[in-house]
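All chains are named by letter (A, B, ...) in the order of the sequence lines, taking the proteins before the strands, and each is independently numbered beginning at 1.
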Amino acid sequence: MRLGYPCINRSIECTANSTFRLASYSRERFLSTVQNNLECLQEILEWNAEKGFFFFRIGSPLIPFASHPVCKIDWVKHFKKDFRKIGNYIKKQKMRISMHPDQFVVLNTKEDRILQNSIKETEYHCKVLDALGLDTTAKVQLHIGGVYGEKEKSLQRFIERYKKLPAMIKKRLVIENDHYMYSLKDCLKVHKQTGVPILFDTFHHECYNNGETVKQGLIKASKTWKKKDGILMVDYSNQKKEARKGTHSEHISIQKFKKFITDTKKLNFDIMLEIKDKEKSALQAIKTIKQVRK
DNA sequence: AGTTGTCAAGCTAGT
DNA sequence: ACTAGCTTGACAACT
């Protein structure tokens, strides 16, 4: 079991998510930003290793505008050495990496323009993991997409779209249950017809499920991961009190977390902590894991 | 130097 | 009708 947090580390003065406005795009700006992001990524990973975090989600802005027509630079080639170096470090440390394209990526969209953009953007995420030289246990996670007032039809459209995706995406793509549109059960339906692994989000499952407990859901999801995919990835979060349903909490509730990992003690999976204060909560969580699991 | 509106891109439920 | 929320921040123009 590995533990991690997504995208940002607030403890160190370095971010791998620097970007800029499209209007100020230039070759120089692009290259210096990416250079900075890659250096910070390395720094964050080293910090993580020191603290005991061996799961990390790389933020989407790592290569700004990578899937936009404005970007004409072969960044994989240009930063080949840097990617290789970081990738080697990840492998040496036996770290797990994931990426999560943002909300604009909707594979089951009705519009061709959105579909094309979505494929390009997903492809970009996969290219980063390829450039790092990571195996197919490094994943790119997406939700099924929109409902458009006709859920079954929209779910089927995802399946059709999935089947036509290029192999470099298929080998990394996993789907995640969301908190109000597509539950674990819906994801399992897609899995049955496509073989796509299901990343299990415990918080989303609490918001929206079909009667399965978190543990039952987790077990079902874990069976969708084949050897080449690695062990199940889990997103873990808590509801923020007095906020609308689905809002992530500011801090982790260690009591709840302890209960969760105690309940699932016999199961093996990697946990991504989607808590607003990121590594702060993660540091507490890691202590808890050490107590419960040895 | 600090504050605030805005950023390439979508969709939904809550308010 | 509008907007918070999503994984969310960070940029850039303004005070």
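One interatomic measurement links the two molecules: CD1 of A:I8 to P of C:dT7, which rounds to 13 Å at whole-angstrom precision. Atom P of nucleotide C:dT8 and atom OH of A:Y5 are separated by 15 Å, given to the nearest angstrom. As rounded to whole Å, 16 Å separates atom P of C:dT8 from atom CE of A:M99. Remark: P of C:dG5 and CD of A:Q103 are 13 Å apart, rounded to the nearest angstrom. Atom-to-atom, CD of A:E176 to C1' of C:dT7 comes out at 9 Å; the value is rounded to the nearest Å. Protein atom NE2 of A:H68 is 12 Å distant from nucleotide atom C1' of B:dC7, rounded to whole Å. Between A:F203 atom CZ and C:dT7 atom C1' the separation is 13 Å, expressed in whole Å. The distance from atom CG of A:N177 to atom P of C:dC6 is 15 Å, rounded to the nearest whole Å.
Taking the six-membered ring for Trp and thresholds of 30 and 60 degrees, A:F257 and A:F260 have ring planes inclined between 30 and 60 degrees apart.
Between A:K139 and A:D270 there is no salt bridge, since no side-chain N of the basic residue sits under 4.0 Å from a carboxylate O of the acidic one.
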> Taking only Watson-Crick and G-U wobble pairs with both distances under 3.5 Å, what dot-bracket line describes DNA chain C, where [ ] shows pairs that cross earlier ones and | shows pairs with another strand?
Replying inline: ||||||..|||||||
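For A:F104, taking side-chain heavy atoms from C-beta onward, the closest of the listed nucleotides B:dA9, C:dC11, C:dT8 is B:dA9. In this structure, of B:dT12, C:dC11, B:dA9, it is C:dC11 that holds the atom nearest to the side chain of A:T19. For A:Y180, the listed nucleotide lying nearest its side chain is B:dT12; candidates were B:dA9, B:dG10, B:dT12.
Look at A:S18 and you'll find a side-chain N or O under 4.0 angstrom from OP1 or OP2 of C:dC11. The side chain of A:H143 contributes no N or O atom lying less than 4.0 Å from OP1 or OP2 of B:dC11. Put simply, A:H204 has a side-chain N or O that comes within less than 4.0 Å of OP1 or OP2 on C:dT7. For A:R21, no side-chain nitrogen or oxygen approaches OP1 or OP2 of B:dA8 to under 4.0 Å. Between C:dA12 and A:R29, a contact under 4.0 Å exists linking OP1 or OP2 to a side-chain N or O. Residue A:K276 has a polar side-chain atom (N or O) positioned under 4.0 Å from OP1 or OP2 of C:dC6. For the OP1/OP2 pair of C:dG9 and a distance below 4.0 Å, the side-chain nitrogens and oxygens of A:T15 include no atom meeting the criterion. For the OP1/OP2 pair of B:dG10 and a distance below 4.0 Å, the side-chain nitrogens and oxygens of A:T109 include no atom meeting the criterion.
A pairwise comparison of heavy atoms in A:T109 and A:R161 identifies O-NH1, 2.7 Å as the closest pair. The minimum heavy-atom distance between A:G246 and A:Q239, with the atom names listed, is N-OE1, 2.9 Å.
For the side chain to side chain contact (heavy atoms under 4.5 Å, CB included) with A:K91, the qualifying choice from A:I86, A:L134, A:D135 is A:L134, the only one to do so. Each of A:Y5, A:F203, A:Y236 was compared with A:H248 under the ring pair (Phe, Tyr, Trp, His ring centres under 6.0 Å) criterion, and only A:F203 meets it.
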>> A:N48 vs A:Q93, test: side chain to side chain donor-acceptor pair (under 3.5 Å). Steps then yes/no.
In response: CA-CA 10 Å; A:N48 287 354; A:Q93 296 284 352; over 6 Å; no
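Position along DNA chain C of the nearest nucleotide to A:N17 versus A:K245 favours A:K245 as the more 5'-ward residue.
Both tests pass for A:R293 against the ring of A:F269: distance under 6.0 Å to the centre and angle within 45° of the axis.
Within the nucleic acid shown, A:S118 has no heavy atom closer than 4.0 Å to any nucleic acid atom.
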